[in-house]
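Input: a single structure, listed below in structure tokens.
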Amino acid sequence: MDYQFKDIEQKWQQFWAQNGTFKAEDKSAKPKYYVLDMFPYPSGAGLHVGHPLGYIASDIFARYKRLKGFNVLHPMGYDSFGLPAEQYAIQTGQHPAITTDANIATYRRQLDQIGFSFDWSREVRTSSPDYYKWTQWIFMQLFNSWYNKDTDKAESIAKLVAHFEQKGSAGINAVCDEEVLSFTADEWKALGNREQQSELLKYRLTYLRESTVNWCPALGTVLANDEVKDGFSERGGYPVEQKKMMQWSMRITAYAERLLQGLDTIDWPEPLKEMQRNWIGKSTGASVKFPIEALPKPSPEGRAFEKQENQKVSPTGGDLEGARFIEVFTTRVDTIFGVTFLVIAPEHELVTALTTPEQKADIDAYITQTKKKSELDRMADAKTVSGAFTGSYVLNPLNNERIPIWIADYVLAGYGTGAVMAVPSGDQRDYLFAKHFNLPIVPIIDIQNIETEADPTKEGKYINSDFMNGLAYKEATAAVIAKLEAIGAGKAKVNFRMRDAIFGRQRYWGEPVPVYFKDGLPHLIEEQHLPLLLPEVDKYLPTETGEPPLGRAEGWKHPEGEYELSTMPGWAGSSWYWYRYMDAHNDAAFASKEAIAYWKDVDLYIGGSEHATGHLLYSRFWNKFLKDLDLVIEEEPFKKLINQGMIQGRSNFVYRLIKTKRFISYNKLKKLESYFPALLDTIFEDSEDTVKAIVSTFKLDYDREIYNIFKENSDLTDAGVWKFKGYQFTNVDVNIVNNDVLDIEKFKKWRPDFADAQFILENGKYICGHEVEKMSKSKFNVVNPDDIISRYGADTLRMYEMFLGPLEQSKPWNTNGIEGVFKFLRKFWRLFHNEAWEFSVSDAEPSKAELKSLHKIIRKVEEDVERFSFNTSVSSFMIAVNELTDLKCNNRAILQDMVIVLSSYAPHICEELWTLLGNPAGSLSYAPYPKFNSAYLVEDEFAYPISINGKTKMNLNISLSLEPKAIEEFVLANADVQRYLDGKAPKKVIVVKGRIVNMVV
RNA sequence: GCUCAGAUGGUGGAACUGGUAGACACGCAGGACUUAAAAUCCUGUUCCCGUAAACGGAGUGCGGGUUCGAUUCCCGCUCUGAGUACCA
């Protein structure tokens, strides 16, 4: 029989499903290997041809690892909470669970068609209660934990309470809120429960706080920083504004250093790690306290600086009560004698208190102006210098010099302390600011050149710097930090850009937070009441009073108080899901100790780089937290990670002459356009000869048809010249275009207004133009895997997606060329069949040439798969099959090994051939990968390229047993070589055995 | 602006540690089979000069360098894509 991919693929997909072929074993003598794909959000549009790219790669890898004797865990599931289903619910009233189920069914059908070796018995869905029960449970663990800086890990809140009871707040070194109380053990015990709980909330790893959030009015929810792009929501593109709200947050900043350090231990793409490093944004420098003038000056004992460690400038905000200094963060503390002004953010809490009556009008005007600017304007406006003087001064803690305090929006309230010491000689922004407002610029390094711009050099010796004069950068920095520490005015400090992550959405379709409120304070629900089920609501909209949709749910109340109304964000469920696959049906734990001890971590994780600062960072954070609680084993969850490139769309265009039904073929249009310089505004009626002459002056071939098209579609203007009316281009459905050739009949049926279209063809065809664009419905360039599979089959799709190019590279999808892969599979099939398409293999001894082809591919696939170079394997398969076809090979021993080697790429056809060869059905997936034997590749001769001055001139067959000296003699003795040398003796002969001979003349 | 990745025929791409640039495939051209078309098969296909071949020259974004030899290493530049954006 000819290659009947439809029957074969259906048959084997059914077989695998019915026999649980790809079930991973929970206990096994084999080594484990965990291959994971980033699980999809099941969107209504289903899969397009770009989505499975990574899944195909991971599937090939998983199948290969099974052949190599590993117990492979290769699961799939759905990140099924999310906005689109909810938006749909708002529009139609259909429960998002119903939408989600329907979408999942589509995804599952599409995934099954591609022949993935997923262990579906472990499927997870983040929106399913038996899954989100454990998301809620992990939330509870975070609530019950705090971060101990001394042990550098998360610990139980109970332990913190015990410490408070025994020793008070002394000796606690925690990552916590800025304004924590200090108290003795007795003071703690004297506090009421409410006060105690309120204080503990400042330590918990998930906590409530009033924070500035990205509020998206159109979506009615808060968005995470990574969900906002250029001031608009990533999903939907709605405007986002800043708003203060009481919010659940995750204290991810506690893990900043570990998240950064961990990057050095994992095998991830460098750009991805770089993105995370930038996001974490560690900078090393110093914090310096500048005393505010008119308050007690700093005494040598540093009395003015007795303050609680984590305290910000002023907790009170309004007046200067207790605030005796402004703290800044700087990475160039060595430049402190160059400070000529201080700048604080317009939102800084001390602004009002610091503003003198004379400056009030200025400052108020500036703040109003700043508030009006949206985030976007502020970014676009980066180059304009603006600011206002408060009228107040601080003193330089080292020399008591008066330093004016300004406000300006280039200082961000959210970074560092919201205040900077401005050193205009060394910092370009400060320089521009100083120039603009006529503030002094003091050079502090001898070689500094500050004529036209700031010079941030660290070379040279310090000047104008008191005790630092004459020192170099390193000593100066050490000296100034020592001095600041001695007087209590500053210390070395590390600062992170990363903020705590907001953990709440004012939406319906997410995990309920397992918390109720009593007396305004949050309390966890009892663990035995998990999962806290998502209640039914009448509408998926906020309540009339602006509360989240859960505010509509009837009876949504804990006996002790009100439930939380916001739900968890999208990243909650995806931050631990790889553990659930290890033990997907456990209802006593998120995964059993044994399962975690066996599977440990993900060995290979494949997915898109768009998750760099979202999912992949949050997952690492939760993983580290779970590790601190000894619930998991590894510090990092994903040992090796590969980003698959994005598949872009390739659009096709047709070109219609304006006001006609005529479509002009692409190359004719190009030719017409190339005539424009000659034709436009120059020609008069019936002057073809003139045109011919003009066209030839442009060095173009004259074409009468093009001339006529031009004339037919031009108006004769009053000036007596022809004016071309132009053309329109329209996206045409790529599915009715083949190799850029338009299927005219399908095109006429495609849209009613094209039914009577006419065509200006080239060589009898209509050629379309093309361009790379995003794959989207509106551009008619979406290619559906279902269509490809029905035309060529899943095996062809799998191989073609790999054949397209390196996995990591982004590339446009172009179905041109898929025939080549299909032909290859058919050719492979034919090796096993005779002329009459009857299965026929021989049991003869394989020939040397056959063995060589086989062993070349055995090794090549091993090498390629191990380094994720799937595209080169496909080419090598083609070469192998071409060679075996030329050898007329139908040898059982050879072909059986070929089947195993190819089976991870094209599993269906291989399963079929495997059983035709007489092997038990289904045993292919666990067959041993053939052992490579280098003996079959040994050559006794090599066609040495003979080059002269590095240019190859000819090849000579020389025995590989010859040593360089003998090779040289052999080559020089050759008559053709002598002809090239033209009788001269070469100056030098380089011989690399088995590689090349090069002669220098 | 900064950081990272990339640039090879008409197209997708190969060349893994410096050693025959363009494997493999698409497309295109020519041919076989066919009444014809599709399908299939065969041949050619980097560019330039040349009727074809032989032969010769150029050639991996651009300009230099190291080397017997550079797509590969070094320096400078151009362009494309991604991320980030006043981070003190």
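The sequence lines fix the lettering, A, B, ..., with proteins before strands; numbering per chain opens at 1.
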Closest-nucleotide ordering on RNA chain B, the 5'-leading residue of Glu274(A) and Arg497(A): Glu274(A)
Nearest-Å distance once atom C1' is located in both A5(B) and C86(B): 26 Å
Integer angstrom distance from the P of G31(B) to that of C24(B): 24 Å
Salt bridge Lys860(A)-Glu863(A), side-chain N to carboxylate O under 4.0 Å: no
Atom pair distance, as rounded to whole Å: CG in Asn643(A) and P in A5(B): 13 Å
Footprint string (nucleotides 12-25 of chain B, 5' to 3'): B base within contact, S backbone only, - free, heavy atoms under 4.0 Å: BSSSB--BBS-BBS
Nearest-angstrom distance, C1' atom, G44(B) to G9(B): 15 Å
Distance below 4.0 Å between Ser283(A) side-chain N/O and A88(B) OP1 or OP2: yes
Watson-Crick and G-U pairing of RNA chain B written in dot-bracket, each distance under 3.5 angstrom, with | for inter-strand partners: (((((((..(((......[....)))((((((.......))))))(((.......)))..(((((..]....))))))))))))....
Syn/anti state of G9(B) by chi, 90° boundary around 0: syn
G6(B) to U17(B) separation - P atoms, rounded to the nearest Å: 13 Å
Using the 3.5 Å cut-off, write out each protein N or O paired with an N or O of nucleotides 28-34 of chain B and the distance between them.
none

